[in-house]
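Written out below as structure tokens is the structure these notes cover.
We number each residue from 1, following the sequence as shown.
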Amino acid sequence: MRRSRLATLALTLAASLGVTLTLGAAPAQAAATDRYVALGDSYASGVGADSDTSESGSCLRSTNAYPALYNTNIRPASYRSVACSGATTTDVINNQLSALSSTTTLVSVTIGGNDVGFSSIMSTCVLQGETQCVAAVQAAEDKARTQLPGKLANVYNGIRSRAPSARVVVVGYPVFYQLGTVCVGLSATSRAKINEGINLVDDITRTAATSAGFTFADVRSIFVGHQLCSYGEKWLHALNYLNLTVSYHPTAAGQSGGYYPVFRSAAG
């Protein structure tokens with residue numbers, strides 16, 4: 001009885017102050033009927049976040065990736081990730097869209113980085129120096145402006161065609177470097193140019209997603225303070241000569257502290 005009176009008092013006080021109380025379980029219950037499919041590349045599969053599943057093989061899907069964390073925490077009615085390391089927009093169309101159906105109610109997708117050559121750009125920047133790095137990023141930017149909007153539109157049209165009733169969340173990429181700090185390795189000019197290229201890809205992706213009627217989940221701001229060359233906990237792997245695959249990918253903390261909350265909020 002005492003607890004009941006206290007609860008009633010708390011609710012009355014909240015109402016008088018204009019406060020809305022939200023039960024923590026409500027979002028999970030609201031999403032419990034979702035049929036969720038995750039698409040995309042290594043940032044969606046969770047490369048660099050450890051704990052890869054054996055069934056995923058070379059796709060390197062991690063139980064710490066943001067789609068898997070959503071499944072663990074929210075427990076939708078069904079969940080399937082077909083995200084795959086190295087995937088391009090063409091790979092999504094040819095190999096991943098078949099996972100969708102008219103009963104799919106939630107879709108996430110992170111794609112586009114491999115279409116403009118993220119991996120080869122970083123190799124050029126690390127191995128060949130500033131001049132070649134800036135030139136490689138510039139070439140990728142030119143390609144992104146002319147080709148990426150159409151490639152993304154093809155993916156988004158395919159998603160909408162196969163899952164006409166689904167909420168679709170397009171998740172972007174974090175900017176790699178915090179600028180203006182003391183940092184060894186690449187020059188400040190190279191780091192700034194790489195950031196510029198990532199920002200361009202994210203901006204093109206946001207425009208394409210919005211045009212398709214999808215939600216764009218922007219992870220750039222939440223990674224600030226956790227980027228390479230920052231003074232906080234790093235949420236991105238630096239160059240790793242012993243395991244090149246994980247280089248410049250989010251750590252498990254980057255997936256859980258960066259990607260997951262942004263996606264969770266956008267998924268509704």
Side-chain angles (χ1 to χ4, degrees), residues 31 34-74 76 78-101 104-119 148 151-152 154-156 158-160 162-163 166-174 198 201-202 205 208-209 212 214-219 235-237 245-256 258-264 266-267:
D34 270 328
R35 297 187 177 278
Y36 170 37
V37 177
L39 313 173
D41 58 23
S42 54
Y43 283 71
S45 72
V47 168
D50 301 323
S51 190
D52 297 338
T53 61
S54 57
E55 56 78 27
S56 65
S58 60
C59 286
L60 302 177
R61 285 187 286 271
S62 168
T63 60
N64 295 320
Y66 73 84
L69 293 175
Y70 185 88
N71 178 53
T72 299
N73 290 309
I74 306 304
S78 67
Y79 162 69
R80 183 181 180 192
S81 175
V82 290
C84 192
S85 176
T88 62
T89 53
T90 299
D91 293 320
V92 170
I93 291 169
N94 292 340
N95 305 320
Q96 298 185 20
L97 291 186
S98 58
L100 304 176
S101 74
T104 303
T105 61
L106 176 62
V107 178
S108 65
V109 57
T110 300
I111 202 67
N114 291 319
D115 288 83
V116 297
F118 266 5
S119 178
L148 194 55
K151 289 176 180 287
L152 292 173
N154 288 338
V155 170
Y156 300 161
I159 292 173
R160 181 52 73 218
R162 288 178 173 269
R167 307 189 313 282
V168 182
V169 180
V170 177
V171 189
Y173 298 97
I198 296 169
V201 168
D202 274 331
T205 303
F214 298 163
T215 299
F216 180 67
D218 196 333
V219 300
W235 283 356
L236 291 163
H237 289 279
T245 302
V246 306
S247 301
Y248 309 108
H249 283 83
T251 62
Q255 288 283 350
S256 63
Y259 265 94
Y260 173 68
V262 173
F263 171 63
R264 172 68 188 92

At their closest point, which heavy atom of Val246 faces which heavy atom of Val47, and how far apart are they?
CA-CG1, 4.2 Å
Between Val170 and Thr205, is any pair of side-chain heavy atoms under 4.5 Å apart?
yes
Could you state the interatomic distance from OG (Ser54) to CZ (Arg61), rounded to the nearest 0.5 Å?
10.5 Å
Quiz question: by atom type and distance under 3.5 Å, do the side chains of Tyr66 and Thr110 form a donor-acceptor pair?
yes
Check: Asp34 and Ile74 side chains under 4.5 Å, non-hydrogen atoms
no
What's the separation between atom OH in Tyr43 and atom OH in Tyr259, rounded to the nearest 0.5 Å?
6.5 Å
Arg162 pairs by side-chain contact (heavy atoms from CB on, under 4.5 Å) with which of Thr104, Val37, Leu97?
Leu97
Heavy-atom pair with the smallest gap, counting every atom of Ala252 and Asn64:
CB-ND2, 4.1 Å
Closest non-hydrogen atom pair, Gly172 against Asp202
CA-OD1, 3.4 Å
Which atom pair, heavy atoms only, marks the closest approach of Gln96 to Cys84?
NE2-N, 3.9 Å
Does either side chain, that of Tyr36 or that of Ser108, offer a donor lying less than 3.5 Å from an acceptor on the other one?
yes
Using only heavy-atom distances, determine whether the side chains of Asp91 and Thr88 contain a donor-acceptor pair under 3.5 Å.
yes
Side-chain donor-acceptor pair present, Ser45, Ser85, cut-off under 3.5 Å:
no
Could you tell me which non-hydrogen atom of Val107 sits nearest to which non-hydrogen atom of Ala166, and how far apart they are?
CG2-CB, 3.9 Å
Could you tell me whether the side chain of His237 and the main chain of Gly48 form a donor-acceptor pair under 3.5 Å?
yes
Which heavy atom of Tyr173 sits nearest to which heavy atom of Ile111, and what is that distance?
OH-C, 3.2 Å
Nearest-0.5 Å distance, CG of residue Asp41 to CG of residue Leu60
12.0 Å
